[in-house]
Every structure is written in C-alpha cells, then in structure tokens.
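Only a predicted model underlies this, so the values are computations on that prediction, with no experimental measurement involved. Side chains are part of it too, since the values below use all heavy atoms of this structure and drop only hydrogens, waters and symmetry mates.
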Amino acid sequence: MTQGPKVRVALVGGGTIAPLHAEYLMSSQKCELVAIVDPYPPGSVLASKLSLPHFESVTALLTSLSDAPEAYVICVPSTLHVSVATEVINRAQPKAVIVEKPFATDSKSGAELIVLAKERGCKILVGHHRRFHPSLSTARSAIESGKIGKITAISGMWTAKKNDGYFAEASWRGSRSAGGGPIWTNFVHDIDVLHFLTGAKMTRIWAIDTPARREHKNVAIDDTVEEGAAIMAQFSNGVVGTFLVSDNTASPYGWESATGDNPSYPKAEVPLDVYRILGTKGTISAPDDTLWTYNPKIENCDREIGWHTPMERIELPVTEGIPFKQQAEHLARVVRGLENPLCSAEDGLAAVAVCEAIIAALKAKDGLPISVLDVSRS
C-alpha cells in the first residue's frame, strides 16, 4: 500500500475496549483517529485525554466536521452493536466499519445488518482481533501446510476469575439477555479462533453448566448469566471438539493470561496453551505454538509409526506483532480496496449462531445436541 492520505476514522463508544482501539489508531501509519462519539461520560473523558473532538451523536459529528470519516470503529455494549452500526451506515455512509464482538446478540438482526451494509456498499469487519495474533497466523500456516496431517479433534479452554467489581461496574454483565456472561463476552472469541484454525464452522453443540458459585442480586433468576460450561462441538468437516469455559475459576488457562495482548490482564509467567489441534500426523498447541510430531528420520526405518514411536517437540518460530495494531492497518487497506476483511460479517455471524446454540443447550439442561443452523434460523 503506497503511502497516501490517512484513512479518517471515528471511534463510537468510549468504554472498556475503546482505549485500546484509540491507542493503535492514534499511532497508526495509515489511519487517523479524528473523533470520539459517545453520549456517556467515558467517551468525553477519553476524548479529553487524547485531545480529540467529542460528539454525543453521529449526527452531531457529521454536522460539525467538514471532512467526514471514511470508517468507524463501534465498541458500544453488545446489545447495541447492531442498532449503532445500522445508524452509522445509514447516516454516515462510511466505506467500512469495525463492529466489536459479538457482531450481534441474535442472528436475525445480524443478518439484517449484513444485508443493509451490502446495499450501502459498506464493508463490515468484526473485532475478533485474535485473528491478527502472530501465534494464530503461525498455527494456521502450519496446519495448512500439512504439518499435523488431517485435523481430527480440538480441545480448548477459556478460564479466569472475574471479581465482584467487574459486575458492579456495569449491571448488564450479570444479565444474559443483555449480552453478559462468559459465552457471549469471552468464548465468542474462542469460537471464531476455532473456526479460523479449522477452516470449518461448528454445526452441532452439546453443553452443560458449571456449578454456580456467585449471586447476582439485581438480576432475575431466569436471566442470570452462566458462570461457565463444558461444551462439545461438531464441525462441518466432521472435526469434533471439547471446550471448558469458566469466569469463576482461579486459572491462567485463558487467552488473555496466555498472551498478555490486553494490558488490563497480566501475562502468565510461563508459556501456556489454550488450544490443542490434533491431527493424523501431529498436534499443535497455541498460543505457545508447539508442534508435536514424529521425527521424519524415524519414518524411514522399518518400525511402524504410532504410539510406540517417540514424538519430537518443535517450537514453531513466531514473528512479533500487536493484534490491535495489525487490525487498524488492515482496516485502512480494506477501506482503500486492497484487502477483504480478515474477519467478515459472515464470520462474526457464524460465531453468534454458535453462542445462541450453547445458550439454548444450557437452558434446556437435558444434555441433548443443539443444531447451530436450526437455532440461527428460529
């Protein structure tokens, strides 16, 4: 991409993840953050800190700025993603928008947003920033090059301990209907990672709750968020997976601790794996990017390769890179028509449909499988 005028970007929302987006948009070589849009105090505080114009609405921004933004980054509460993105696309007519995860909190509204964006000529990128993490790029390249043979199964974990203050800061975090809970808030990222690594989508889900250990006094019992789940899944290519999710366990086995890519969460002192991709010739773990496979020299001997054969541990080389920074540069290339979204609206919607299926399974409490397609169509 030749250096030309920077892509003008507006940030909609000033809450939890907004400062990270702002940091890397501000330091970008290809993007220029020109304004913060947010009717609530966090937006004005962030704008003041960054010495940027602050507006309470998209309409106010368009009225005041002579040179309108070409792209918007939308990081409002989950239940507002679709409505805010719809307003931005209709009023501002941008070339592209990043919608933070989850792309939507129901498949129907998410599908309608995709139709609108195509009608208006706006490209949607979904904020599953892990796709830009060097460890996942390395793992995917190794898988695609055949280093582990054909993928058979996957195992994964997202486990951490959210303290009481996390829920006190924002009441919606205790409400399932408001988009709270580790499935919608956290595991939706892992779903997208697994789709990304396997090149296939989850089609069927089994799930049961972990035991409840905390109390949400101001939320109806039937709307209280789950604390976690044991999940089994089947993918469209036949691959199967098992996953453990919990936001009330003292554990470093989650993406944030394993990578440290969000400065709000301390990185574990030693390399950790949270995904294991098991194939017919080997296994890759990520984000520690370790490959277990048979030594090629052994394959030349007369001994049959299998569980009696020693395996070799190989540390795959991983380049440096900051996911949020890479995402900002990618946004600029998408706006200029040089690339297609690495995580498209359709990819984001696929993760939403899996979340819906998991929640449906947790509500049913019968251990029976839930079809992802059936849930997303209902």
Side-chain angles (χ1 to χ4, degrees), residues 11-13 15-18 21 37-38 58 71-92 94 96-120 122-131 170 172-173 175-196 201-203 205 207 223 225-226 233 245 327 331 334 340-363 370-378:
L11 182 62
V12 183
T16 307
I17 204 68
H21 282 290
V37 180
D38 191 346
V58 173
Y72 289 75
V73 177
I74 298 169
C75 44
V76 296
S78 300
T79 53
L80 299 177
H81 285 174
V82 169
S83 61
V84 171
T86 297
E87 179 186 7
V88 167
I89 292 171
N90 276 328
R91 291 183 180 275
V97 297
I98 292 180
V99 179
E100 256 301 335
K101 61 79 194 169
F103 172 60
T105 50
D106 69 274
S107 291
K108 182 176 182 295
S109 67
E112 291 171 350
L113 178 58
I114 291 175
V115 171
L116 173 68
K118 289 181 178 179
E119 289 176 348
R120 299 289 193 272
C122 176
K123 293 181 179 179
I124 293 179
L125 302 78
V126 183
H128 286 295
H129 66 278
R130 293 184 193 176
R131 289 194 179 210
W172 67 267
R173 291 172 175 167
S175 167
R176 179 177 279 168
S177 64
I183 301 302
W184 279 113
T185 306
N186 309 104
F187 192 60
V188 65
H189 266 311
D190 299 281
I191 294 166
D192 181 70
V193 167
L194 298 168
H195 287 172
F196 181 63
K201 301 294 193 291
M202 297 184 202
T203 57
I205 294 293
D223 190 36
V225 295
E226 73 285 347
V245 183
Q327 184 175 239
L331 171 63
V334 170
N340 291 319
L342 180 61
C343 186
S344 66
E346 289 79 7
D347 292 328
L349 188 61
V352 168
V354 174
C355 286
E356 290 175 320
I358 294 172
I359 297 302
L362 295 181
K363 288 181 177 179
I370 298 289
S371 168
V372 174
L373 187 61
D374 290 344
V375 171
S376 64
R377 283 179 172 175
S378 62

Out of curiosity, [X] [atom1] to [Y] [atom2], how far, rounded to the nearest 0.5 Å?
| X | Y | atom1 | atom2 | answer |
| --- | --- | --- | --- | --- |
| Ser107 | Leu373 | OG | CG | 9.5 Å |
| Leu113 | Leu349 | CG | CG | 9.5 Å |
| Glu356 | Lys108 | CD | NZ | 12.0 Å |
| Arg131 | Leu125 | CZ | CG | 11.0 Å |
| Leu342 | Leu331 | CG | CG | 12.5 Å |

May I have the step-by-step check of side chain to side chain contact (heavy atoms under 4.5 Å, CB included) for Val76 and Val12, ending in yes or no? CA-CA 7 Å; Val76 296; Val12 183; 4.2 Å; yes
Is it true that a side-chain atom of [X] and a backbone atom of [Y] form a donor plus acceptor pair closer than 3.5 Å?
| X | Y | result |
| --- | --- | --- |
| Ser83 | Leu80 | yes |
| Glu226 | Leu362 | no |
| Ser344 | Pro341 | no |
| His81 | Cys75 | no |
| His195 | Asp347 | no |
| Lys123 | Val97 | no |

What are the two closest non-hydrogen atoms of [X] and [Y], and how far apart are they?
| X | Y | answer |
| --- | --- | --- |
| Ser175 | Asp223 | OG-OD2, 2.6 Å |
| Ala351 | Val188 | CB-CG2, 3.9 Å |
| Cys343 | Gly348 | SG-N, 4.5 Å |

Side chains of [X] and [Y] in contact at under 4.5 Å (non-hydrogen atoms):
| X | Y | result |
| --- | --- | --- |
| Val372 | Ile205 | yes |
| Val99 | Ile124 | yes |
| Ile191 | Ile358 | yes |
| Arg120 | Asn90 | yes |
| Phe187 | Val354 | no |
| Ile114 | Lys118 | yes |
| Cys355 | Trp184 | yes |
| Phe103 | Val82 | no |

Applying side chain to side chain contact (heavy atoms under 4.5 Å, CB included) to Asn186 and Val245, what does each step give before you reach the verdict? CA-CA 9 Å; Asn186 309 104; Val245 183; 5.9 Å; no
Please name the residue in the list Gln327, His189, Glu100, Lys101 that meets the side-chain hydrogen bond (donor to acceptor under 3.5 Å, both in side chains) test with His128. His189
Take Asp192 and Arg130 through the salt bridge (charged side-chain N to carboxylate O under 4.0 Å, His left out) test and state the conclusion after the steps. CA-CA 9 Å; Asp192 181 70; Arg130 293 184 193 176; over 6 Å; no
